[in-house]
Participant: 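Encoded as structure tokens, here's the structure I'll be asking about.
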Amino acid sequence: MVTVLPVVGVDVEAAVIAALRPVLPAGTVVATEVPRTASGDLRFPARMVRVTRTGGRLFSPAHDRPTVLVECWAAVSTDAWALTASARQAMTSWDDELSAGVWLTHLSEGSGPVNHPDVRTAHARYQFLHELQVRAQGA
């Protein structure tokens with residue numbers, strides 16, 4: 001008889017956001033979406049980090065290896081770069097970091113920071129990709 005282990009699904013975006021918030025400058029919005037006004041227009045704060053899962057693969061029933069895109073906006077390019085450097089340093093140091101009930105381990109840098117201007121706003125933006133290994137607490 002074969003025992004089938006349940007696949008542990010974790011919200012890696014929520015875990016990364018929860019881990020990044022305390023290490024970034026106060027007032028930085030860290031979210032999966034850019035805030036919008038009541039009329040639906042994008043409302044970029046002075047500093048923002050957006051976290052998006054872009055893919056990955058299941059490594060075992062308890063371990064997932066997601067690829068995460070991190071975009072960092074700020075009104076001034078030097079502030080956007082500083083925000084990027086802080087987020088990147090935090091993520092590369094994760095080695096079984098518990099965040100929002102999820103264990104985060106950094107595996108590799110898919111792409112270092114890229115200066116990727118955002119045509120929708122006057123804000124500077126840098127972005128980078130990282131591969132993580134995650135598992136739910138207790139898995």
Side-chain angles (χ1 to χ4, degrees):
M1 178 177 198
V2 175
T3 302
V4 178
L5 297 172
V7 173
V8 176
V10 299
D11 186 346
V12 69
E13 292 171 336
V16 170
I17 288 167
L20 286 178
R21 277 190 179 134
V23 300
L24 297 176
T28 301
V29 173
V30 187
T32 58
E33 295 182 16
V34 176
R36 294 187 177 270
T37 64
S39 63
D41 296 326
L42 294 175
R43 182 181 51 83
F44 280 87
R47 283 186 313 275
M48 178 170 178
V49 173
R50 179 167 64 180
V51 175
T52 309
R53 181 180 178 143
T54 61
R57 61 187 174 89
L58 197 61
F59 179 69
S60 78
H63 296 88
D64 195 5
R65 286 191 173 167
T67 303
V68 176
L69 171 67
V70 178
E71 298 169 274
C72 302
W73 284 271
V76 178
S77 64
T78 53
D79 291 344
W81 175 254
L83 197 58
T84 301
S86 295
R88 183 184 191 200
Q89 179 183 15
M91 291 180 73
T92 57
S93 71
W94 292 342
D95 185 17
D96 277 342
E97 173 92 12
L98 183 60
S99 175
V102 176
W103 293 102
L104 299 168
T105 299
H106 181 265
L107 291 179
S108 67
E109 188 169 60
S111 168
V114 175
N115 185 345
H116 192 62
D118 189 341
V119 297
R120 300 170 297 172
T121 177
H123 285 57
R125 174 178 61 179
Y126 287 87
Q127 64 184 40
F128 59 89
L129 286 169
H130 280 235
E131 182 184 16
L132 305 175
Q133 180 168 290
V134 300
R135 66 182 167 84
Q137 186 175 10

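Hydrogens, waters and symmetry mates play no part in the numbers below; they use all other heavy atoms, side chains included. Position 1 is the first residue of the sequence; numbering continues from there. Owing to the predicted nature of the structure, the values given are computational and were not obtained by experimental measurement.
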Participant: Report the residues that fulfil ring pair (Phe, Tyr, Trp, His ring centres under 6.0 Å) with H130, sequence neighbours left out, ordered by chain and then residue number.
Facilitator: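 So H130 forms a ring pair (Phe, Tyr, Trp, His ring centres under 6.0 Å) with H106, F128.
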Participant: Taking only residues two or more places apart in sequence or in another chain, which ones pass salt bridge (Lys or Arg N to Asp or Glu O under 4.0 Å) with E131?
Facilitator: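 Not a single residue meets the salt bridge (Lys or Arg N to Asp or Glu O under 4.0 Å) criterion with E131.
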Participant: Do H123 and D79 pass the side chain to side chain contact (heavy atoms under 4.5 Å, CB included) test, and can you show the C-alpha distance, the side-chain angles, and the key distance before you say yes or no?
Facilitator: CA-CA 10 Å; H123 285 57; D79 291 344; over 6 Å; no
Participant: Can you pull the ring pair (Phe, Tyr, Trp, His ring centres under 6.0 Å) pairs that have at least one residue in residues 11-31, sequence neighbours excluded?
Facilitator: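 Every candidate ring pair (Phe, Tyr, Trp, His ring centres under 6.0 Å) pair involving residues 11-31 fails, so no pair, neighbours aside, qualifies.
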Participant: Does Y126 belong to the same Ile/Leu/Val/Met/Phe/Trp/Tyr cluster as V49, with side-chain heavy atoms less than 4.5 Å apart forming each link?
Facilitator: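 Each belongs to a different hydrophobic cluster.
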Participant: Provide the closest heavy-atom pair for S39 versus D41 in the form atom of the first, atom of the second, distance.
Facilitator: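 What the structure gives for the nearest pair is OG-OD2, 3.3 Å.
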Participant: Linking I/L/V/M/F/W/Y whenever any side-chain heavy atoms sit under 4.5 Å apart, do L83 and V68 land together?
Facilitator: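 Shared cluster, yes.
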Participant: Taking the side chain as C-beta and beyond, is there a heavy-atom pair between L42 and T121 under 4.5 Å?
Facilitator: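 A side-chain contact under 4.5 Å is absent here.
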Participant: Which atoms form the tightest heavy-atom contact between R135 and A62, and what is the distance?
Facilitator: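 Here R135 and A62 meet closest at CB-O, 3.1 Å.
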Participant: Taking salt bridge (Lys or Arg N to Asp or Glu O under 4.0 Å) as the test, write out the residues that go with R88, two or more places apart.
Facilitator: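 Testing R88 for salt bridge (Lys or Arg N to Asp or Glu O under 4.0 Å), a comparison that skips the adjacent residues, returns E109.
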Participant: List in chain and number order the residues that pass side chain to side chain donor-acceptor pair (under 3.5 Å) with D95, two or more places apart in sequence or in another chain; answer none if no residue qualifies.
Facilitator: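 Partners of D95 under the side chain to side chain donor-acceptor pair (under 3.5 Å) test: none.
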Participant: Can you give each donor-acceptor pair under 3.5 Å made by side-chain atoms of residues 9-31, sequence neighbours left out, with the distance rounded to 0.1 Å?
Facilitator:
| from | atom 1 | to | atom 2 | distance (Å) |
| --- | --- | --- | --- | --- |
| D11 | OD1 | E13 | N | 3.3 |
| D11 | OD1 | A14 | N | 3.1 |
| E13 | OE2 | R53 | N | 2.8 |
| R21 | NH2 | V30 | O | 2.7 |
| T28 | OG1 | P25 | O | 2.8 |
| T28 | OG1 | R47 | NE | 3.1 |

Participant: With sequence neighbours excluded, tell me which residues meet side chain to side chain donor-acceptor pair (under 3.5 Å) with N115.
Facilitator: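 Testing N115 for side chain to side chain donor-acceptor pair (under 3.5 Å), a comparison that skips the adjacent residues, returns none.
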Participant: Can you name the side chain to side chain donor-acceptor pair (under 3.5 Å) partners of Q133, sequence neighbours left out?
Facilitator: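 Result, side chain to side chain donor-acceptor pair (under 3.5 Å) vs Q133: R65.
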Participant: If you group Ile, Leu, Val, Met, Phe, Trp and Tyr by side-chain heavy-atom gaps below 4.5 Å, do V70 and L104 land in one group?
Facilitator: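 Same cluster: V70 reaches L104 through Ile, Leu, Val, Met, Phe, Trp or Tyr contacts under 4.5 Å.
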Participant: Give the other cluster members for L129, using side-chain heavy-atom distances under 4.5 Å between Ile, Leu, Val, Met, Phe, Trp and Tyr residues; answer none if it is isolated.
Facilitator: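 When side chains under 4.5 Å apart are linked, the cluster holding L129 also contains L69.
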Participant: Not counting sequence neighbours, which residues clear side chain to side chain donor-acceptor pair (under 3.5 Å) with S77? List them please.
Facilitator: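 Result, side chain to side chain donor-acceptor pair (under 3.5 Å) vs S77: none returned.
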Participant: Show me the pairs that pass salt bridge (charged side-chain N to carboxylate O under 4.0 Å, His left out) and involve residues 22-40, at least two apart or across chains.
Facilitator: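 Not a single pair qualifies under salt bridge (charged side-chain N to carboxylate O under 4.0 Å, His left out).
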Participant: Do L98 and W103 pass the side chain to side chain contact (heavy atoms under 4.5 Å, CB included) test, and can you show the C-alpha distance, the side-chain angles, and the key distance before you say yes or no?
Facilitator: CA-CA 5 Å; L98 183 60; W103 293 102; 3.6 Å; yes
Participant: Is there a donor-acceptor pair under 3.5 Å between the side chain of T32 and the backbone N or O of T52?
Facilitator: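 Checking the backbone N and O of T52 against the side chain of T32, no donor-acceptor pair under 3.5 Å is found.
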Participant: Which residues pass the salt bridge (Lys or Arg N to Asp or Glu O under 4.0 Å) test with R43, not counting sequence neighbours?
Facilitator: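 R43: no salt bridge (Lys or Arg N to Asp or Glu O under 4.0 Å) contacts found.
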